[in-house]
Amino acid sequence: MAIHERYRLFIDGESVEASTDESITTTDPATGESLAGVPAGTATDIDRAVSAARDAADSWRSKAPAERARIVRRIADEIRDHADELARLESRDQGKPLTQAHHDVDGAARFFEYYAGAADKIEGKSIPLEDEQFTFTVREPYGVSGQIVPWNFPLNLTARGLAPALVAGNTAVLKPAPTTPLSALHLAELCRDAGVPDGVVNVVTGGTEPGAALSSHEGVDVLTFTGSVPTGRAVMESAAEHITPVTLELGGKNPAVVLPDADLDDAVFWIAVGIFTNAGQVCSAADRAIVHESVYDEFVDRIVDRAESHSLGHGPEDPGMGPLNNAEQYETVLDYIDIGVSEGATLETGGEPGDDDGYFVRPTVFSDVDPEMRIAQEEIFGPVLTVIPFSDRDEAIEIANDVEFGLTGGVFSRDINRALGVARDIEAGSIYVNEWFGGSEETPFGGMKKSGIGREKGLEALDSYLQTKALSINLSE
Ligand code: NAD
């Protein structure tokens with residue numbers, strides 16, 4: 001699975017030319033080297049992909065669930081058979097260290113395995129009523145699922161949405177992010193090799209135009225969007241035109257509360273994992289360490305040491321941290337660092353670009369952060385930790401919840417009762433206790449507040465791809 005010089009769209013089971021000659025060059029963010037050209041897909045290409053997905057929908061939904069399960073399970077096998085190549089490709093296209101790319105690929109395979117196991121267990125209910133009424137429900141696919149994916153976990157997030165959509169009996173049109181389009185195109189080929197019928201999985205590359213065309217398309221029956229809040233809002237607005245249901249997985253500004261009795265080694269370790277993994281380009285990152293004043297100075301000293309221990313480098317060489325994925329994000333993160341300094345926070349470490357070419361930013365820690373500062377309120381999406389002191393529990397909860405997001409949160413304490421009390425009071429879709437990035441493919445994931453609508457992962461995700469039909473029968477003679 002070498003990286004091709006030039007890619008085409010994947011529609012109706014084959015690689016096809018786009019409606020335009022315009023292309024986007026995807027680059028290695030560590031070196032700036034061009035990796036490949038992919039078509040800058042248009043609304044016309046989306047029309048074509050949606051129409052292929054519609055044509056394939058009836059036959060896919062009418063397959064026996066056990067047969068869909070077998071096919072979806074084979075996608076996982078194909079991914080595992082090509083795991084090394086996929087991880088290397090993802091590491092180059094996205095920038096992440098190879099070990100992390102392997103983890104993403106394994107997770108992608110797990111999504112197909114997990115949902116394959118659920119395919120023949122999607123059941124309705126019977127509803128007890130008076131004797132002469134018999135009512136039961138069946139769960140039906142929507143039809144065509146449109147899926148718009150960001151650039152931080154390209155393959156993994158594609159699999160996260162595609163696997164439950166397919167298992168539920170939907171066909172799909174995928175629109176990967178313009179800076180990380182390669183793994184989705186290879187995945188579509190692996191789906192074909194696994195026996196997925198033509199038209200069931202389609203990929204249109206490009207930027208805003210195909211994204212907007214997909215989210216406003218009359219032929220799309222359900223939408224899954226993962227990305228930023230402003231784009232999520234735009235997707236929801238366009239979906240409103242045809243009353244298309246949306247699942248939105250948006251950003252976060254996640255609090256990690258460190259209580260005075262926390263094991264500081266553990267807290268420092270996990271919060272560093274939480275903010276420096278994938279160079280901080282993680283929606284569920286540990287963005288804000290909210291630390292009790294009695295351990296604040298020690299926490300800052302230790303997390304600075306840990307931040308400084310990261311080597312920066314080219315993803316495939318498996319450094320401690322890779323570059324940011326693209327020029328725009330690089331500028332955004334450096335701007336936020338300037339904003340933090342001008343707001344009066346103390347820059348403890350990092351803050352500058354790396355020595356090499358490429359979009360490197362050193363792991364950065366700000367202390368003396370006021371919860372009202374922009375660096376404490378807005379999602380930076382980079383390796384920038386803000387450390388905020390608190391003096392009592394209620395203040396910690398107030399700071400934790402005083403943002404527009406509610407994706408994840410965490411609490412560190414040796415006292416499980418105190419930890420669970422804080423976990424209960426943090427407004428977020430996932431809470432980690434004495435760890436970060438807890439849970440797995442089996443665990444429902446999604447946001448409260450502006451972090452989103454609906455849940456991905458776990459059995460709950462199937463709800464986003466199924467609609468309930470109730471059948472009522474009059475048994476009177
Ligand atoms: P983005 O919103 O800029 O783009 C996401 C996708 O939307 C891309 O494929 C893009 O091409 C497409 N797009 C752009 N304009 C569009 C439009 N008008 N209509 C339809 N589609 C359009 O996000 P990003 O910068 O790629 O990703 C970073 C964001 O994603 C962060 O905010 C992060 O928190 C969020 N994210 C959330 C989760 C989650 O599960 N909650 C996971 C990963 C990333």
Side-chain angles (χ1 to χ4, degrees), residues 24 26 38 40-41 43 46 94 96 104 107 111 146-161 173-181 183-184 203-217 220 223-241 244 246-254 277-285 287 324-333 336 378-382 403-408 428-430 437 439 441 443-458 461 464:
I24 298 173
T26 181
V38 300
I46 288 288
Q94 202 279 339
K96 63 183 61 195
D104 292 3
F111 280 123
Q147 307 215 352
I148 301 171
V149 184
W151 43 259
N152 55 345
F153 292 88
L155 177 71
N156 189 275
L157 295 184
T158 303
R160 182 179 83 173
V173 177
L174 312 175
K175 211 296 285 171
T179 57
T180 53
S183 54
V203 181
V204 177
T205 52
T208 306
E209 181 179 340
L214 189 60
S215 54
S216 59
H217 204 290
V220 171
L223 279 162
T224 298
F225 171 80
T226 307
S228 62
V229 173
T231 314
R233 187 177 289 120
V235 165
M236 202 169 166
E237 279 170 11
S238 20
E241 199 181 333
T244 310
V246 288
T247 296
L248 299 179
E249 296 285 4
L250 309 177
K253 188 70 181 177
N254 310 303
T277 296
N278 202 19
Q281 302 161 112
V282 186
C283 53
S284 50
D287 305 289
L324 295 167
N325 171 255
N326 56 71
E328 197 183 330
Q329 191 59 23
Y330 177 70
E331 293 305 329
T332 302
V333 171
Y336 269 114
E378 299 172 18
E379 185 183 44
I380 299 174
F381 220 57
V403 289
E404 62 177 5
F405 300 101
L407 191 59
T408 67
S430 299
F437 301 133
E441 288 74 24
T443 319
F445 181 84
M448 296 182 178
K449 295 150 76 176
K450 288 206 174 64
S451 290
I453 300 175
R455 293 292 176 267
E456 292 288 351
K457 303 170 65 171
S464 309

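Here, residue 1 is the first one in the sequence, and each next residue gets the next number. Atoms within a ligand are numbered from 1 in the order they appear, just like the ligands themselves.
Residue-level proximity to ligand 1 for V229 is absent, since no heavy atom of it falls below 4.0 angstrom. Proximity of E456 to ligand 1, defined as any heavy-atom pair under 4.0 Å, is not found for any part of the residue.
Summarising the contacts of atom 41 (N) of ligand 1 with T332, I148, N325, L250, the nearest heavy atom is found in L250. The nearest non-hydrogen atom to atom 22 (C) of ligand 1, considering only N326, T231, T408, N254, comes from T231. Across the listed options F225, F153, F381, F381 owns the non-hydrogen atom lying nearest to atom 28 (C) of ligand 1.
Close contacts of ligand 1 with N152, meaning ligand atoms under 4.0 Å from a residue heavy atom, involve 43 (C), 44 (C). Near G251, the atoms of ligand 1 lying under 4.0 angstrom from a non-hydrogen atom of the residue are 32 (O), 34 (O). Taking every heavy atom of V149 and a limit of under 4.0 angstrom, the matching atoms of ligand 1 come to 6 (C), 8 (C), 9 (O). Annotation for ligand 1: atoms under 4.0 Å from non-hydrogen atoms of P176 are 9 (O). Close contacts of ligand 1 with L157, meaning ligand atoms under 4.0 Å from a residue heavy atom, involve 42 (C), 43 (C). Each of the atoms 40 (O) of ligand 1 lies under 4.0 Å from some heavy atom of R160. Those atoms of ligand 1 that come under 4.0 Å of a heavy atom in F445, given as number and element, are 40 (O). Against a heavy-atom cut-off of under 4.0 Å, P178 is close to the following atoms of ligand 1: 11 (O).
The ring-ring contact (aromatic ring centres under 6.0 Å, His included) test applied to Y330 returns Y359, not counting sequence neighbours. Applying the side-chain hydrogen bond (donor to acceptor under 3.5 Å, both in side chains) criterion to T26, with sequence neighbours excluded, gives D93.
Of the protein's heavy atoms, E379 OE1, 2.6 Å lies nearest to atom 32 (O) of ligand 1.
The backbone N or O of N156 lies less than 3.5 Å from no partner atom in the side chain of D104, so there is not a single donor-acceptor pair. Under a 3.5 Å cut-off, the side chain of Q329 and the backbone N or O of I380 do form a donor-acceptor pair. For Q281 (side chain) and N325 (main-chain N/O), a donor-acceptor pair under 3.5 Å exists by modelled atom type.
Here's the thing with T226: none of its N/O atoms is less than 3.5 angstrom from an N/O atom of ligand 1. Checked by distance only, ligand 1 and W151 come closer than 3.5 Å through their nitrogen or oxygen atoms.
Shortest non-hydrogen contact noted between T408 and A428 is C-CB, 3.6 Å.
Side-chain contact between L174 and T158 is present, with heavy atoms from C-beta onward closer than 4.5 Å.
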Check: Going through the distances and angles, do F153 and V282 end up as a side-chain contact (heavy atoms from CB on, under 4.5 Å)?
Finding: CA-CA 8 Å; F153 292 88; V282 186; 3.9 Å; yes

